[in-house]
There are 2 protein chains.
Amino acid sequence: MTSHPAGEPAAEPAGPPPNPRRAEILAAAAELFARRGYHGVSIGDLGRAVGLTGPALYRHFSGKEAVLAEMLLDISERLLAEGARRAADPDPGHALDALLRWHIAFALDNPALITVHERELDTVPAAQRHRVRRLQRAYVEEWVAVLRRLNPGLPDDRTRAAVHAAFGLLNSTPRSAAGLDRAAMSALLHTMARAALQSAT
Amino acid sequence: MTSHPAGEPAAEPAGPPPNPRRAEILAAAAELFARRGYHGVSIGDLGRAVGLTGPALYRHFSGKEAVLAEMLLDISERLLAEGARRAADPDPGHALDALLRWHIAFALDNPALITVHERELDTVPAAQRHRVRRLQRAYVEEWVAVLRRLNPGLPDDRTRAAVHAAFGLLNSTPRSAAGLDRAAMSALLHTMARAALQSAT
DNA sequence: CGACGTTGTTAACGATCGTTAACCGGAAGG
DNA sequence: CCTTCCGGTTAACGATCGTTAACAACGTCG
């Protein structure tokens with residue numbers, strides 16, 4: 001209750017004032033990219049989704065690839081920053097539960113972002129693709145480090161594979177959208193992911 | 001040893017003789033669609049991948065969408081047919097293990113097919129999309145039925161959500177490709193998925 | 001009031017897309 | 001030997017793509 005996953009950033013110490021149009025475009029683009037894929041969405045579609053014509057988009061982004069790049073960088077940074085905070089809990093069991101709670105809440109709140117994040121990495125321009133990959137790897141390593149504390153002596157590559165598999169489980173919900181309500185789905189995912197990870201160690 | 005997941009069909013009782021060019025194109029298309037997405041692959045790319053020019057493709061398929069549609073129908077039918085065979089085991093515990101073995105083997109043998117199968121359903125023309133969806137649902141129901149036999153009295157929507165989550169876990173491997181060899185990865189996925197499903201029931 | 005930066009528009013560009021047309025070499029069959 | 005079909009080619013089509021240019025409405029500030 002002291003913090004919640006999708007909270008408002010309130011104000012960053014440095015950086016330009018957050019342009020609401022940019023955020024609006026990014027949100028609409030996430031939805032469209034998730035549904036039809038990056039190449040299945042045109043600049044015209046993107047503009048229309050926020051009530052503008054296509055070329056208006058160039059007032060806010062340098063191009064279509066820049067929209068995707070900023071989107072993926074933002075997601076990766078948020079996952080890593082919040083993940084690192086949760087993983088810092090001195091009790092590795094609590095850290096793992098906190099990681100699970102955070103990741104599940106993020107996935108349930110932002111299904112489109114999760115989908116694009118794991119599908120369109122190769123589409124992003126090389127320059128920023130490396131940064132995104134580095135952030136993704138670092139996020140995985142937060143999980144691996146917690147699991148290593150829970151069970152030292154396990155080979156790291158096996159632990160890494162288990163973490164990737166757990167992410168697959170957690171990130172699949174955007175596309176299933178079963179008849180369960182949010183609380184039930186959250187609890188189910190938590191239970192299943194924890195059981196899967198424990199069985200692998 | 002009486003059967004293996006990726007076995008040759010040998011000969012179907014009815015239907016045209018299997019054109020090797022069609023199969024070659026479908027295999028190349030699966031790889032490309034998985035890597036760059038349906039809209040990120042052009043007819044020229046498709047032809048080039050099998051040593052032809054773009055328009056040559058129209059000697060074997062009525063168009064680009066037909067390639068995708070046939071690909072998804074074929075996958076869905078194979079999954080359902082083989083899944084139903086495994087699920088028929090009178091012992092539900094054995095049936096679940098057989099389903100897990102089959103699905104894991106298929107995913108490890110055909111990572112591109114698994115990827116396209118779960119990503120591009122909305123891209124397929126409506127006519128055949130409904131058939132694919134029906135087959136996919138039937139495959140899920142095979143799993144749900146086995147789990148119901150293992151634990152009667154559980155609400156079906158929860159079981160269905162658990163199955164979807166388990167598929168997310170199993171299908172994530174194509175995109176992780178960790179440092180484990182095939183046998184180790186197969187065993188790890190089996191263990192994790194079974195633990196996840198058991199924890200949900 | 002006038003200059004200006006901001007944010008939108010429509011029009012137009014070159015490139016690329018999926019698809020069709022027209023043609024061509026070679027194998028098979030009478 | 002001639003015909004026919006099969007599976008390829010190159011050329012060309014209209015549509016659509018991402019992007020840029022040129023222009024307009026509007027608030028702000030000197």
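Lettering of chains follows the sequences in order, A, B, ..., and the numbering in each one begins at 1. All figures in this text were calculated on a predicted structure; none of them were measured in a lab.
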Counting neighbours of CZ on B:Arg149 that are heavy atoms of other residues, nucleotides or ligands and sit closer than 6.0 Å, is the number greater than 12?
yes
Looking at residues 61-68 of chain A, who's got a heavy atom less than 4.0 Å off DNA chain D?
A:Gly63, A:Lys64
To 10°, what angle do the rotation axes through the five end pairs on each side of the helix from C:dC1-D:dG30 to C:dG30-D:dC1 form?
10°
Whole angstroms only, please: what is the CG-P distance between A:Asn19 and C:dT7?
6 Å
Donor-acceptor contact present, side-chain B:Arg158 to main-chain B:Ala200, <3.5 Å:
yes
Listing request: all ring pair (Phe, Tyr, Trp, His ring centres under 6.0 Å) pairs with a residue in residues 34-67 of chain B, at least two apart in sequence or in separate chains.
B:Phe33-B:Tyr38
Are more than 12 heavy atoms from other residues, nucleotides or ligands located less than 6.0 Å from atom CZ of A:Arg129?
yes
Could you pull out the protein-nucleic contacts involving nucleotides 22-28 of chain D (nitrogen or oxygen on both sides, under 3.5 Å)?
unit_1: D:dA22; atom_1: N6; unit_2: A:Arg59; atom_2: NH2; d: 3.3

Tell me which nucleotide among C:dT9, D:dT10, C:dT20 gets nearest to the side chain of A:Ala56.
C:dT9
Checking salt bridge (Lys or Arg N to Asp or Glu O under 4.0 Å) for the pair A:Arg148/A:Asp156: CA distance, chi angles, key distance, verdict?
CA-CA 8 Å; A:Arg148 197 168 26 220; A:Asp156 272 8; 2.5 Å; yes
Take the protein atom CG of A:Leu57 and the nucleotide atom C1' of D:dT19, then report the distance between them rounded to whole Å.
11 Å
Taking CG from A:Leu46 and P from D:dG18, how many angstroms apart are they, rounded to a whole number?
9 Å
Grab the CD1-P distance between B:Ile25 and D:dG7 for me, whole Å please.
11 Å
Are the charged groups of B:Glu142 and B:Arg85 less than 4.0 angstrom apart, N to O?
no
How are the rings of B:Phe167 and B:His164 set relative to one another: parallel (under 30°), tilted (30 to 60°) or perpendicular (over 60°)?
perpendicular
Which of C:dG18, D:dT19, D:dG7 is nearest the side chain of B:Ile43? It is C:dG18
For C:dG18, take OP1 and OP2 only and decide whether either is under 4.0 Å from a side-chain N or O of B:His39.
no
Rounded to whole Å, NE2 of A:His60 lies from C1' of C:dT7 at a distance of 6 Å
Counting primed atoms, P, OP1 and OP2 as sugar-phosphate and everything else as base, the B/S/- map of nucleotides 11-16 of chain C against protein heavy atoms under 4.0 Å is B-----
Before accepting this row, confirm whether a basic side-chain N of the pair A:Glu82/A:Arg86 lies closer than 4.0 Å to the acidic partner's carboxylate O.
yes
Is a salt bridge present between B:Arg134 and B:Glu141, judged by a nitrogen-to-oxygen distance below 4.0 Å?
no
Whole-Å distance, B:Leu52 CG to C:dG18 P, equals 16 Å
Taking atom C1' of C:dT9 as reference, at what distance in whole Å does atom CZ of A:Arg48 sit?
15 Å
Run the side-chain contact (heavy atoms from CB on, under 4.5 Å) check on B:Val116 and B:Leu72 step by step: do they pass?
CA-CA 8 Å; B:Val116 177; B:Leu72 262 68; 3.7 Å; yes
Calculate, to the nearest 0.5 Å, the distance between atoms CG and CZ belonging to B:Asp122 and B:Arg133 respectively.
6.0 Å
Tell me, please, which residues at least two apart from A:Ser76 pass side chain to side chain contact (heavy atoms under 4.5 Å, CB included).
A:His117, A:Val132, A:Leu135, A:Gln136
Residue pair A:Asp45 / A:Ser42, side-chain donor-acceptor N/O under 3.5 Å:
yes
Treating B:Ser176 as the side-chain partner and B:Thr173 as the backbone partner, does any N or O pair qualify as donor plus acceptor under 3.5 Å?
yes
Using a 4.0 Å heavy-atom cut-off across all strands, classify B:Val41 as base, sugar-phosphate, or nothing.
sugar-phosphate
